[in-house]
Amino acid sequence: MVQSLFYVSSLAQKAFPANLLEDSISVIIFLSSKPLVKDNRILLQWKSSGLEKSGFYIIERSIDEKVYEVIGVIKAGEVGDAYEFLDEKPSRSKNYYRIKMPLTDKKTVYSHTITAGIAGSIFCKFYPNPVDKLLILRSDYTVELKITDETGKVRILKQLQPGLQSVDVSSLEKNIYIITISQQESNQVISKKLIKN
C-alpha cells in the first residue's frame with residue numbers, strides 16, 4: 001500500500017492567484033503545474049473553486065497517461081482550501097498526475113494532467129564511451145543531446161525521440177568532449193565527459 005502524507009502549508013496557499021478561487025456553478029480543480037520534487041518524492045498542490053464543500057479528492061498516478069492508479073484520497077474541506085499530497089514512491093520514469101473528485105450528481109470532475117520526474121533518475125543512457133563513429137542512446141523521453149568541445153563550442157545538437165537511437169559522431173576529432181542530455185518537462189540533465197577515439 002502506498003503511504004501518503006497530507007498537510008496544508010503556506011506554500012500551497014500562495015501557489016494560486018486569488019481570482020481563480022471564486023465560486024462558480026461547477027467545480028474546477030486547479031492543480032499546480034510545477035510539482036515540487038525533493039528526496040525522490042513528489043509534492044502535488046491544488047485548490048478548487050465551486051460549490052462543493054464535502055466529498056473527496058482522489059489522487060491518481062500513471063506512467064503511460066492511459067492507465068491510472070489511485071495513490072491517495074483526501075477529504076475535501078471548504079471551497080478555496082489549499083491541499084497537498086506527497087507521493088512517497090513515484091515511478092523512476094515519468095509520472096502523470098491528476099486529481100479526481102466524484103460529485104453528488106454522479107458526475108466526476110478531473111484536474112488537468114501534469115508530469116513530474118525524479119531528479120537523478122536514469123532517464124537516458126549512452127554508450128560506448130570512448131566512442132569511435134556511432135554513439136548509441138536509449139531514452140525514456142524526448143531529449144536534447146548537446147556535445148561541446150573544451151572551448152564550449154557546440155559541435156553536435158540534436159533532438160532525439162524516446163527509444164533506441166544512434167548519433168554519428170565521426171565528424172568529431174579525437175579529443176575529450178562534454179555530452180549534455182536534457183529533458184525539458186522534468187528538468188532533468190545528464191552531463192558527462194565523452195571521449196572520442
Side-chain angles (χ1 to χ4, degrees), residues 1-124 139-144 162 182-190:
M1 180 177 175
V2 175
Q3 295 294 318
S4 62
L5 172 66
F6 164 65
Y7 58 95
V8 177
S9 74
S10 58
L11 180 62
Q13 294 167 6
K14 294 176 183 177
F16 302 90
N19 63 350
L20 291 180
L21 304 176
E22 296 173 1
D23 287 353
S24 62
I25 294 173
S26 62
V27 175
I28 302 172
I29 300 171
F30 301 99
L31 178 60
S32 174
S33 59
K34 294 184 179 179
L36 301 176
V37 181
K38 186 176 181 182
D39 299 328
N40 293 332
R41 300 180 299 173
I42 297 175
L43 180 66
L44 305 175
Q45 300 172 318
W46 72 94
K47 285 190 176 184
S48 67
S49 72
L51 302 178
E52 289 294 318
K53 294 187 179 180
S54 62
F56 293 88
Y57 292 107
I58 300 170
I59 301 93
E60 297 183 327
R61 180 183 64 208
S62 173
I63 58 170
D64 60 7
E65 210 173 2
K66 295 175 184 174
V67 178
Y68 282 84
E69 65 173 327
V70 175
I71 59 171
V73 177
I74 294 175
K75 184 170 175 35
E78 295 294 316
V79 172
D81 282 355
Y83 299 89
E84 292 184 346
F85 178 84
L86 186 63
D87 186 358
E88 298 273 2
K89 297 182 180 180
S91 166
R92 300 298 294 179
S93 60
K94 185 184 288 188
N95 297 275
Y96 297 90
Y97 293 99
R98 68 185 183 188
I99 309 297
K100 178 169 78 172
M101 177 181 249
L103 302 180
T104 54
D105 58 0
K106 297 185 180 180
K107 293 181 181 177
T108 301
V109 173
Y110 290 89
S111 70
H112 63 285
T113 302
I114 63 169
T115 60
I118 300 298
S121 64
I122 304 301
F123 65 95
C124 184
S139 173
D140 296 333
Y141 314 112
T142 300
V143 297
E144 179 184 83
S182 55
Q183 205 286 318
Q184 184 176 8
E185 289 179 358
S186 61
N187 294 321
Q188 296 184 78
V189 177
I190 293 174

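Values below: every heavy atom of this structure, side chains too, minus hydrogens, waters and symmetry copies. The structure presented is a predicted model; accordingly, all values stated were derived computationally and were not measured.
- Taking all atoms of both residues into account, the shortest heavy-atom contact from Leu31 to His112 is O-CE1, 2.7 Å.
- A pairwise comparison of heavy atoms in Ile59 and Val73 identifies CD1-N, 4.1 Å as the closest pair.
- In this structure, OH in Tyr83 is found 14.0 Å from CD in Gln45, a value given to the nearest 0.5 Å.
- Here the closest non-hydrogen pair linking Ala82 and Lys47 is CB-CE, 3.5 Å.
- Considering every non-hydrogen atom in both Ile71 and Phe85, the closest pair reads O-CZ, 3.2 Å.
- Atom CD1 of Ile114 sits about 5.0 Å away from atom CG of Leu44, to the nearest 0.5 Å.
- Between the OH atom in Tyr110 and the CD1 atom in Ile99 there is a gap of 12.0 Å [rounded to 0.5 Å].
- One distance of note links CZ of Arg61 with CG of Asn95; it measures 6.0 Å at 0.5 Å rounding.
- Of all non-hydrogen atoms in Val67 and Asp64, the two that sit nearest each other are N-OD1, 3.0 Å.
- Take Ser111 and apply the side chain to side chain donor-acceptor pair (under 3.5 Å) test, not counting sequence neighbours, and it matches no residue.
- Annotation: side chain to side chain donor-acceptor pair (under 3.5 Å) contacts of Glu65 (sequence neighbours excluded): none.
- Relative ring orientation between Trp46 and Tyr57 is described as perpendicular, the plane-to-plane angle rising above 60° on a 0-90° scale split at 30° and 60°.
- A 4.5 Å side-chain heavy-atom check between Ser182 and Val143 finds every atom pair outside the cut-off.
- Here the closest heavy-atom approach between residue Glu84 and residue Ile74 is recorded as O-CD1, 3.5 Å.
- The CD atom of Glu60 sits 9.0 Å away from the OG1 atom of Thr113 when rounded to the nearest 0.5 Å.
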